[in-house]
Amino acid sequence: MRYNCCQASTLPSQDVADEPSYDDDAPSASGDGAQFGLSDAEFETLLARALQQSPMYHEYLTVFQAAPKIMTEWRQRYRGNPALWKRLFQKDRVIKEFVEAAPIIDAVKRLVDDAVLVNGQQFTIFDLACGRGYLSMTLSHLLPPEKVKKLVLVDKQWPMHNMTPKPHHISWTHIYGSHKKVEDQSIPCYFDTWPIELHTSKMDLKSSQQIRNMEDFHLRDKGPIILVAVHLCGTLSLKAVQLFNNNPEIRFFCLKPCCLPGMVHAKRHEIFRLGNHSFDSKLVCMAGKWKKNVWNGPPRTTTKAYFERWAENLFLGIDSTDTAKIQKSIMVQRNGGYQNEFLFAERLPETNSVWDALRSEERVE
């Protein structure tokens, strides 16, 4: 089932080279309040004004209205550590990431809110290729803690658990603070301040062995699981679909694919296989890359067609057995951006509030 929601769109410009526009007279929200002279109330108002500029605001009203308070609570957590906050929170970047993830945040919230869990069950949410973890940080504050045990932030750039983060790692200081003994013990323990626990997991999703380890130790007989994947580059989207197909404990799956697979797969004449579906890599692979915010590759009209074909084949590869699934075009990128395909799947029975919203082109809160 496929839907195109052309009315849902994001901030005025969402290309890699472009940033959302804001009131030029507004003070910066990039640093600590003491440095910029903003109270928490002023900071929250600033964020609310920025988010209200998004054409998607009314489409996902509940999560958009919750976001300023959530981000203000992040700010309160790191008060006294302005260097960390400045590194973590760049307003335009964080808002852009929030807007692009809003359809997934909305769907997950609906599912968890309406879930009937028995015998003390709680969801575990896996956030694949999470980067710094803004999506999970948002969900930790948004979802009911009694229904979610933890969020696992999966990325190959995290340090190993017993290692001090190096410059090439994603720093986990904002997740753990002094909870990690390898961290500076003079800073607060942030780990205990998350409403729902956040845990990092260093994992290379291209490694078959590491995928098997994840399945054996974290997925099998560990349900119910929610799997979210935003901005998965290249063949990582294949891995995400395979994880859903192979693990019935994953109850709900959300995928927003990112860039296309590289030409190396086409040159090897590879056939991509997902369950009973297969397709020639030549249909979806393309050369090209960004360099200093300049695209070096085929024109966007060409890459857009390849990307839509990529998303369609990923959708066809999601196992349909006892599963509801949908591919939906939601215009979170504009002014030339084309990565607007979202895939959702839920093992039956359906959660009515989730699917009523996903199947509706006119969203009503």
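All heavy atoms count here, side chains included; hydrogens, waters and symmetry mates do not.
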Colleague: Go through the steps for L153 and D155 under the test side-chain contact (heavy atoms from CB on, under 4.5 Å), then give the verdict.
Modeller: CA-CA 7 Å; L153 288 68; D155 202 291; over 6 Å; no

Colleague: Step by step, would you call E341 with W310 a side-chain hydrogen bond (donor to acceptor under 3.5 Å, both in side chains)?
Modeller: CA-CA 10 Å; E341 299 300 313; W310 172 233; over 6 Å; no

Colleague: Surrounding CG of N276 (heavy atoms of other residues, nucleotides or ligands, distance under 6.0 Å), is the total greater than 12?
Modeller: no

Colleague: Looking at side-chain heavy atoms only, is the closest gap between E97 and E100 below 4.5 Å?
Modeller: no

Colleague: Check whether any side-chain heavy atom of I125 lies under 4.5 Å from a side-chain heavy atom of S136, and answer yes or no.
Modeller: no

Colleague: To the nearest 0.5 angstrom, please state how far the CZ atom of F191 sits from the NE2 atom of H179.
Modeller: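 With rounding to 0.5 Å, CZ (F191) is 4.5 Å from NE2 (H179).
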
Colleague: Please answer whether the main-chain N or O of N245 pairs with a side-chain N or O of D319 as donor and acceptor at a distance below 3.5 Å.
Modeller: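 Looks like no, no N/O pair under 3.5 Å.
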
Colleague: Evaluate the side-chain contact (heavy atoms from CB on, under 4.5 Å) criterion for residues I226 and I250: first the C-alpha distance (whole Å), next the side-chain angles of each, then the deciding distance (0.1 Å), finally the verdict.
Modeller: CA-CA 6 Å; I226 297 172; I250 300 175; over 6 Å; no

Colleague: Measure the spacing between OG of S140 and CD of E197 and express it to the nearest 0.5 Å.
Modeller: 9.0 Å

Colleague: What's the spacing between S353 OG and D106 CG if we round to 0.5 Å?
Modeller: 9.0 Å

Colleague: Would you mind reporting whether L243 and M214 have side-chain heavy atoms less than 4.5 Å apart?
Modeller: yes

Colleague: Ignoring hydrogens, what is the shortest heavy-atom contact between F344 and A107? Give both atom names and the distance.
Modeller: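 In terms of heavy atoms, the two residues are closest at CE2-CB, 3.8 Å.
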
Colleague: Is K156 atom NZ crowded by more than 12 heavy atoms from other residues, nucleotides or ligands, each under 6.0 Å away?
Modeller: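 12 or below, so no.
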
Colleague: T200 and L198: side-chain contact (heavy atoms from CB on, under 4.5 Å), yes or no, with the steps?
Modeller: CA-CA 7 Å; T200 61; L198 301 182; over 6 Å; no

Colleague: Indicate yes or no for a side-chain donor-acceptor contact from S281 to the backbone of E270 under 3.5 Å, with no hydrogens or angles considered.
Modeller: yes

Colleague: Search all heavy atoms of C254 against all heavy atoms of V108 and return the closest pair with its distance.
Modeller: SG-CG2, 4.1 Å

Colleague: Closer than 3.5 angstrom, by distance alone: can the side chain of K91 be matched with the main-chain N or O of L47 as a donor-acceptor pair?
Modeller: no

Colleague: Please determine, by modelled atom types, if D204 and Q210 share a side-chain donor-acceptor pair under 3.5 angstrom.
Modeller: no

Colleague: Would you compute the distance between atom NE2 of H231 and atom SG of C130 and round it to the nearest 0.5 angstrom?
Modeller: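 Interatomic distance, H231 NE2 to C130 SG, rounded to 0.5 Å: 12.5 Å.
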
Colleague: Quick one: pull up CD1 in I330 and NZ in K256 and give me the separation to the nearest 0.5 Å.
Modeller: 10.0 Å

Colleague: Can you find a side-chain donor-acceptor pair between H161 and K202 that sits under 3.5 Å?
Modeller: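 The answer is no; no qualifying pair exists.
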
Colleague: Does any part of the side chain of F98, heavy atoms only, come nearer than 4.5 Å to the side chain of L51, both counted from C-beta?
Modeller: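 Sidechains of F98 and L51: in contact.
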
Colleague: Are D92 and K96 within salt-bridge range, i.e. N to O under 4.0 Å?
Modeller: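 No, D92 and K96 are not salt-bridged.
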
Colleague: Checking ring-ring contact (aromatic ring centres under 6.0 Å, His included) between Y190 and each of W74, Y78, W85, W172, which is the one that passes?
Modeller: Y78

Colleague: Judged by atom type as modelled, is there a donor-acceptor pair below 3.5 Å linking the side chain of Q185 to the main-chain atoms of S178?
Modeller: yes

Colleague: Verify the cluster assignment for L61 and V354: are they in a single hydrophobic cluster under the rule of side-chain heavy atoms below 4.5 Å apart?
Modeller: yes

Colleague: May I ask you to decide if E42's main-chain N or O and S39's side chain share a donor-acceptor pair within less than 3.5 Å?
Modeller: yes

Colleague: Could you tell me whether R359 and E350 make a salt bridge, using a distance below 4.0 angstrom between a side-chain N and a carboxylate O?
Modeller: yes

Colleague: If I compare all heavy atoms of L343 with all of Q327, which pair ends up nearest, and what's the gap?
Modeller: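 It is CD2-CG, 3.5 Å.
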
Colleague: Quick check against the 3.5 Å criterion: does E249 have a side-chain atom that pairs as donor or acceptor with the backbone of K222?
Modeller: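 No: the side chain of E249 does not pair with the backbone of K222.
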
Colleague: Looking at T323 and T321, would you say the former's side chain and the latter's main chain have a donor-acceptor pair under 3.5 Å?
Modeller: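 Judged by distance alone, yes, a pair lies under 3.5 Å.
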
Colleague: Please check: side-chain N/O of Y338 versus main-chain N/O of E308, any donor-acceptor pairing under 3.5 Å?
Modeller: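 Looks like no, no N/O pair under 3.5 Å.
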
Colleague: Please tell me whether F272 and H277 form a close aromatic pair, meaning their ring centres lie under 6.0 Å apart.
Modeller: no

Colleague: Do V94 and M71 have side chains that approach each other closer than 4.5 Å (heavy atoms only, starting at C-beta)?
Modeller: yes

Colleague: Do P195 and E73 come within less than 4.5 Å of each other through their side chains, counting heavy atoms only?
Modeller: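 When only atoms from C-beta onward are counted, E73 and P195 do not touch, as no gap falls below 4.5 Å.
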
Colleague: Does W194 reach the main-chain N or O of M137 with its side chain, forming a donor-acceptor pair under 3.5 Å?
Modeller: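 Side chain of W194 to backbone of M137: no pair is present.
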
Colleague: Kindly compute the distance separating CZ (R309) from CG (L283), expressed to the nearest 0.5 Å.
Modeller: 5.5 Å

Colleague: Check the pair D114, T351 against side-chain hydrogen bond (donor to acceptor under 3.5 Å, both in side chains), reporting the backbone distance first and the verdict last.
Modeller: CA-CA 7 Å; D114 290 357; T351 303; over 6 Å; no

Colleague: Looking only at the side chains, is there a donor atom on one of Q52 and R49 sitting less than 3.5 Å from an acceptor on the other?
Modeller: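 Result is no, nothing qualifies.
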
Colleague: Under the criterion side-chain contact (heavy atoms from CB on, under 4.5 Å), which of V148, L142, L117, L139 is the partner of V112?
Modeller: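 For V112, the side-chain contact (heavy atoms from CB on, under 4.5 Å) check succeeds only for V148.
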
Colleague: With K325 as the cation and F315 as the aromatic partner, state whether NZ or CZ is under 6.0 Å from the six-membered ring centre and within 45° of the axis.
Modeller: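 Geometry flag: set, cation within 6.0 Å and 45°.
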
Colleague: Would E183 and Y176 count as a side-chain contact (heavy atoms from CB on, under 4.5 Å) here? Give the steps.
Modeller: CA-CA 9 Å; E183 281 282 1; Y176 295 116; 5.6 Å; no

Colleague: If you compare all heavy atoms of A101 against all heavy atoms of L135, which two are closest, and at what distance to 0.1 Å?
Modeller: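 The answer is CB-CD1, 4.3 Å.
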
Colleague: Taking side chain as C-beta onward, heavy atoms only, is M56 less than 4.5 Å from P103?
Modeller: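 In contact.
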
Colleague: Taking all heavy atoms of R251 and all of A115, pick out the closest pair and write down the distance.
Modeller: NH1-CB, 4.3 Å

Colleague: Can you name the closest pair of heavy atoms from Q122 and P145 and give their distance?
Modeller: NE2-O, 3.2 Å

Colleague: Are any of the side-chain heavy atoms of N246 and I211 separated by less than 4.5 Å?
Modeller: no

Colleague: Is NZ or CZ of R347 both nearer than 6.0 Å to the six-membered ring centre of F253 and within 45° of the ring axis?
Modeller: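 Here R347 fails the 6.0 Å and 45° test against F253.
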
Colleague: How about K282: does its NZ atom have over 12 heavy atoms from other parts shown lying under 6.0 Å from it?
Modeller: yes

Colleague: Would you check if the side chain of N340 reaches a backbone N or O of V332 as a donor-acceptor pair within less than 3.5 Å?
Modeller: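 Between the backbone of V332 and the side chain of N340 there is a qualifying donor-acceptor contact (under 3.5 Å).
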
